[in-house]
Amino acid sequence: MKYLSKILIAGVAAVLANVPAAAQEVVDPATDVANSGDTAWILTSTALVLLMTLPGLALFYGGLVRSKNFLSVLIQCMAVAGITSVLWVIAGYTLAFGQVTNGILGNGINWMLGNLGNVREGTTIPESAFAMFQMTFAVITPALMVGAWVDRARFGWVVAFCSLWLLVVYAPVTHWVWGGGWLSSLGVLDFAGGIVVHTTAGVSALVVAIMMGKRIGWPKTLMLPHSPALTVAGAGLLWVGWFGFNGGSALTATDDASSAIINTHIAASMAALVWILIERIKVGKSTAVGVATGAIAGLATITPAAGFVGPGASIVIGAAAGFVCFFAVGLVKNGFKIDDSLDVFAVHGVGGMLGSLLLALFISEGLGGTGYGDDMAFGSQFVAQLIGVGVVAIWSAIATAILGYGISFILPMRVNEDDERDGLDIASHGERAWDLD
C-alpha cells in the first residue's frame with residue numbers, strides 16, 4: 001500500500017507537470033477574478049468623467065457665449081456625447097484597445113464590445129468597466145472642440161465631424177499611446193490624456209477655427225460671456241470630475257490614484273491663482289472667468305503627468321500652466337488673429353503639450369517623481385515626449401482638415417449670416433434658453 005500510494009502521487013505529479021500552461025490558467029480562478037475595490041473606484045471614476053462633459057463642460061462653455069447661443073452649446077455637447085458613445089461601442093473601443101497587431105490600430109476582436117475578458121489584461125478590473133471608463137474619455141475629447149466653433153457652426157456638420165473624428169483621430173492616437181501601439185514602444189508617457197485628449201482636441205480645434213473663419217463682427221464687436229456664474233459652476237464640476245479623470249487613470253484604488261488626485265488639485269489651484277494674479281497686474285481686476293479658465297489650464301497641464309510626479313512638481317507645473325496658457329490666449333487671438341472662440345487650443349492644446357514635455361523633467365526621482373523607465377533618462381524621455389506631441393499634433397491637424405472640408409461638401413460647415421445674427425438657439429433649434437419677456 002505504501003509503495004502504491006507513492007506511485008499514485010508520482011503519477012499525478014507527472015500529469016500535472018505536463019498540463020499546458022493555458023489549461024492551468026483555465027482551472028485557476030484567481031487569475032480571472034477582478035478586484036472589487038479597484039472595480040468600484042473605476043465605476044465611480046466613470047461617473048465623474050461623464051459629469052465633466054454633462055453638465056460640466058456644457059455649462060463652462062455655455063456661460064461663455066452670448067445668451068442667444070447658450071442652448072446650442074448644450075445641445076452640441078449632448079449630441080456629441082450620444083453619438084460618440086454609440087460609435088465607441090460599435091468600433092471605437094476595438095480600434096483603440098483591440099489586440100496589438102501592427103501598432104497602428106487595434107484588431108477587430110472587440111467589435112460591439114464583444115469578446116471582452118473577465119479582467120482587462122494588465123489590470124485588476126473587468127474589461128467591461130475598463131471599456132466604459134475609456135468611453136467617457138472618448139466622449140469628452142471631441143466635446144472639447146465645441147468651444148472653438150460656437151456661435152457659427154452648423155449642427156449637422158458638428159455631429160458628422162465629431163463622429164468621424166473619433167474614429168480617424170482619437171481612436172488611432174489612443175492605440176498608439178495607451179493601446180500598446182508604436183508610440184508607447186518608443187517610451188512615450190501620458191498618464192491621463194495630455195497627448196491623447198488635449199493635444200488632439202486642441203490642435204483640431206485650432207484647425208477648425210481657421211477653416212470656419214471669424215464670427216461676424218469679431219474682434220471689433222465685444223462678445224462678452226452672458227453668464228460668468230454658469231462658467232464658474234461648470235469649471236467647478238470639471239474640477240471635481242477631473243479627480244476621476246486623473247485618479248481613475250491609475251486603474252487601481254491605491255496610492256497611485258490618491259497621488260494623482262493630489263497633484264491634480266494642487267496644479268489647478270496654483271494655475272488659477274497665477275492666472276488671476278496676471279489679470280490683476282495687467283488689467284487691474286481679477287475676474288470670475290479668469291479664475292475658472294486658469295483652473296482648467298492647470299487641470300489640462302497636469303493631466304499627462306499626474307501619476308508620475310510629486311506634489312512639489314505639480315505646484316511648478318500649475319504655475320507654468322497659468323503663465324503660459326494666459327499668454328497663449330492673447331497670442332492666438334491678438335497675434336495670429338484666429339477666432340478660437342473659447343480658447344480651446346490655448347488652454348487645452350497648449351496645456352496638454354506643455355505638461356507632456358514637463359513630465360520628462362519632473363518624473364525624475366530626484367525631483368519627487370516615480371523615476372525613469374529602463375534605458376531612459378531625461379534626454380531620451382524628453383525626445384520621446386517631443387516625438388509623441390509632434391506626431392499627434394501633425395496627424396490631428398492633417399486629418400481634421402481633410403475631414404472638415406470633406407464633410408462640408410455634403411453638410412455645410414457654417415450657418416448663414418442671418419442665422420448667425422439671430423442666434424443658433426432659434427435659428428438651428430427653434431428654442432430660447434431664457435424667457436426675456
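Just so it is clear, the model here is predicted, and its values are computed rather than measured. Along the sequence shown, the residues carry numbers beginning at 1.
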Check: His265 and Trp239 side chains under 4.5 Å, non-hydrogen atoms: yes

Phe155 to Ala79 - nearest heavy-atom pair and separation: CZ-CB, 3.7 Å

CG-CZ distance between Asp151 and Arg414, expressed to the nearest 0.5 angstrom: 9.5 Å

Closest approach of Pro311 to Ile262 (non-hydrogen atoms, all atoms of both residues): CG-CG2, 4.3 Å

Gln76 to Val146 - nearest heavy-atom pair and separation: OE1-CG1, 3.5 Å

Distance, nearest 0.5 Å, that separates OG of Ser45 from CG of Asn246: 10.0 Å

Heavy-atom pair of closest approach, residues Ser249 and Phe245: OG-O, 2.7 Å

Check: Ser259 side chain, Asp256 main-chain N or O, donor-acceptor pair, under 3.5 Å: no

Euclidean distance, Arg154 CZ relative to Asp419 CG, rounded to 0.5 Å: 7.0 Å

Exam field: side chain Lys337 to backbone Asn334, donor-acceptor pair closer than 3.5 Å: yes

Sub-4.5 Å side-chain heavy-atom contact between Arg152 and Ile216: no

Sidechain-backbone polar pair: Thr370 side chain, Ile363 backbone, donor-acceptor under 3.5 Å: no

Whether Phe378 and Phe382 hold their rings parallel, tilted or perpendicular, with breakpoints at 30° and 60°: tilted

Residue pair Ser163 / Leu87, side-chain heavy-atom distance below 4.5 Å: yes

Residue list, salt bridge (charged side-chain N to carboxylate O under 4.0 Å, His left out) with Asp343, at least two apart or on another chain: Lys333

Flag, side chain of Ser204 to backbone of Ala201, donor-acceptor distance under 3.5 Å: no

Closest non-hydrogen atom pair between Asp340 and Ala209, with its separation: CA-CB, 3.9 Å

Pair Trp182 + His175: ring centers closer than 6.0 Å: no

Heavy atoms of other groups near Trp395 CH2, more than 12 under 6.0 Å: no

Derivation of the side-chain contact (heavy atoms from CB on, under 4.5 Å) call for Glu127 and Asn110: CA-CA 11 Å; Glu127 189 166 11; Asn110 300 124; 4.2 Å; yes

Close aromatic pair by centroid cut-off 6.0 Å: Phe327 and Phe323: yes

Atom of Met211, atom of Gly404 and distance for their closest heavy-atom approach: CE-CA, 4.0 Å

Under 3.5 Å donor-acceptor, Asn69 side chain and Ser72 backbone: no

Qualifying residue, where the test is side-chain contact (heavy atoms from CB on, under 4.5 Å) with Val196 and the options are Trp176, Trp178, Phe137: Trp178

N/O donor-acceptor pair under 3.5 Å between Asn107 side chain and Gln99 backbone: yes

Point-to-point distance, once rounded to the nearest 0.5 Å, from CG of Leu189 to CG of Leu359: 5.5 Å

Donor-acceptor pair, side chain of Asn263 and main chain of Ala306, under 3.5 angstrom: yes

Close side-chain approach of Val344 to Tyr61, heavy-atom, < 4.5 Å: yes

Inter-residue atom distance Leu251.CG - Phe133.CZ, 0.5 Å rounding: 6.5 Å

Donor-acceptor pair, side chain of Lys68 and main chain of Ile426, under 3.5 angstrom: no

Candidate pair Leu411 and Val159, rule side-chain contact (heavy atoms from CB on, under 4.5 Å), full reasoning: CA-CA 10 Å; Leu411 298 170; Val159 175; over 6 Å; no

Trp275 and Cys325: CA distance, side-chain angles, deciding distance, side-chain contact (heavy atoms from CB on, under 4.5 Å) verdict: CA-CA 9 Å; Trp275 194 289; Cys325 293; 3.9 Å; yes

Approximate separation, where rounding is to 0.5 Å, of Thr46 OG1 and Phe130 CZ: 10.5 Å

From CA spacing to verdict: side-chain contact (heavy atoms from CB on, under 4.5 Å), Met413, Phe161: CA-CA 9 Å; Met413 185 181 298; Phe161 172 76; over 6 Å; no

Side chain to side chain, Ile125 and Trp41, heavy atoms closer than 4.5 Å: no

Donor-acceptor pair, side chain of Tyr93 and main chain of Met112, under 3.5 angstrom: no

Trp88 vs Val139 side-chain heavy atoms within contact, under 4.5 Å: no

Parallel, tilted or perpendicular: ring planes of His198 versus Trp242, cut at 30 and 60 degrees: parallel

Contact check, side chains of Thr287 and Pro228, non-hydrogen atoms, under 4.5 Å: no

Pairwise side-chain contact, Leu54 with Met78, heavy-atom cut-off 4.5 Å (strictly under): yes

Aromatic plane relationship, Trp434 with Phe70 - under 30° parallel, 30 to 60° tilted, over 60° perpendicular: parallel

Side-chain (Asp339) to main-chain (Arg215) donor-acceptor, under 3.5 angstrom: yes

